[in-house]
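Hydrogens, waters and symmetry mates are skipped; everything else that's a heavy atom, side chains included, is used. Heads up: numbering here begins at 1 and tracks the sequence.
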Amino acid sequence: MCTYAHYYYLYPLLLVANLLNVYWGEFKNSELLEELRYFYCSKTSYYLKCLNAIVLLGLIALGNAFVDSKGFSLGYLLGFGITTGLLSGCFIVTLAHDLLHSRSRLQKVLSVLLLTMSGIPHFATEHVFGHHRYIGLKKDVTTAKLNEDFYTYFCKVTLSNLKAGPKMPYLYFMMITMALLPPIWLYGKISYCFGCENFSAL
């Protein structure tokens, strides 16, 4: 029996950080302009973003290795996966989206890697070739229509993402290949939790 990591300690920390936003308050217009100028034009900000992306990629890799070595039960495995997804949506995807719009090739590569490791590699192509090209038009399927239900929107966006990918074939091939690895690994881990020893090598 392994010693489990108490990943759920992150939830109260995120809650406290969110509550502190009320205490810290909002930016004034003059402060906002100054911060945006620093965020997008400063060399320091450029290097910090790159460093942040590299650290996050390393944490994802270490997290996968950690889970693989500990032999989590099915419940902990699912809980850890959900927590990782929440953290990815809050921090990793936000940074990746910013880097995706950079003129720097390095930052664009880091963005694609972050999005791929987060399980949404299609965002790298669809967001640029779909949403930004057709924003406000009928072709912009990533913007939900008024009163459109979630399931219709989800299916529509998924099909659109698959169609947008081939516009960058080499990148698309890399993203699909990397995106298939986590589900295969997760399938192996879940199968092992149910006692299927043949999949434990994954």
Work out which heavy atom in Met117 is nearest to a heavy atom in Ala61; give both atom names and the distance. CE-N, 4.4 Å
Between Lys49 and Gln107, the two heavy atoms sitting closest are CB-NE2, 4.0 Å
When rounded to the nearest 0.5 angstrom, what distance separates [atom1] in [X] from [atom2] in [Y]?
X: Leu57; Y: Leu110; atom1: CG; atom2: CG; answer: 6.5 Å
X: Ser111; Y: His97; atom1: OG; atom2: NE2; answer: 9.0 Å
X: Leu59; Y: Asn52; atom1: CG; atom2: CG; answer: 9.5 Å
X: Leu99; Y: Ser104; atom1: CG; atom2: OG; answer: 8.5 Å
X: Tyr46; Y: Leu106; atom1: OH; atom2: CG; answer: 4.5 Å
X: Leu20; Y: Leu15; atom1: CG; atom2: CG; answer: 9.5 Å

Shared ILVMFWY cluster between [X] and [Y], side chains joined below 4.5 angstrom?
X: Leu146; Y: Tyr153; value: no
X: Leu114; Y: Tyr47; value: yes
X: Val109; Y: Val55; value: yes
X: Leu62; Y: Ile54; value: no
X: Leu51; Y: Tyr38; value: no

Atom CG of Asp149 with >12 non-hydrogen neighbours under 6.0 angstrom: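 Yes.
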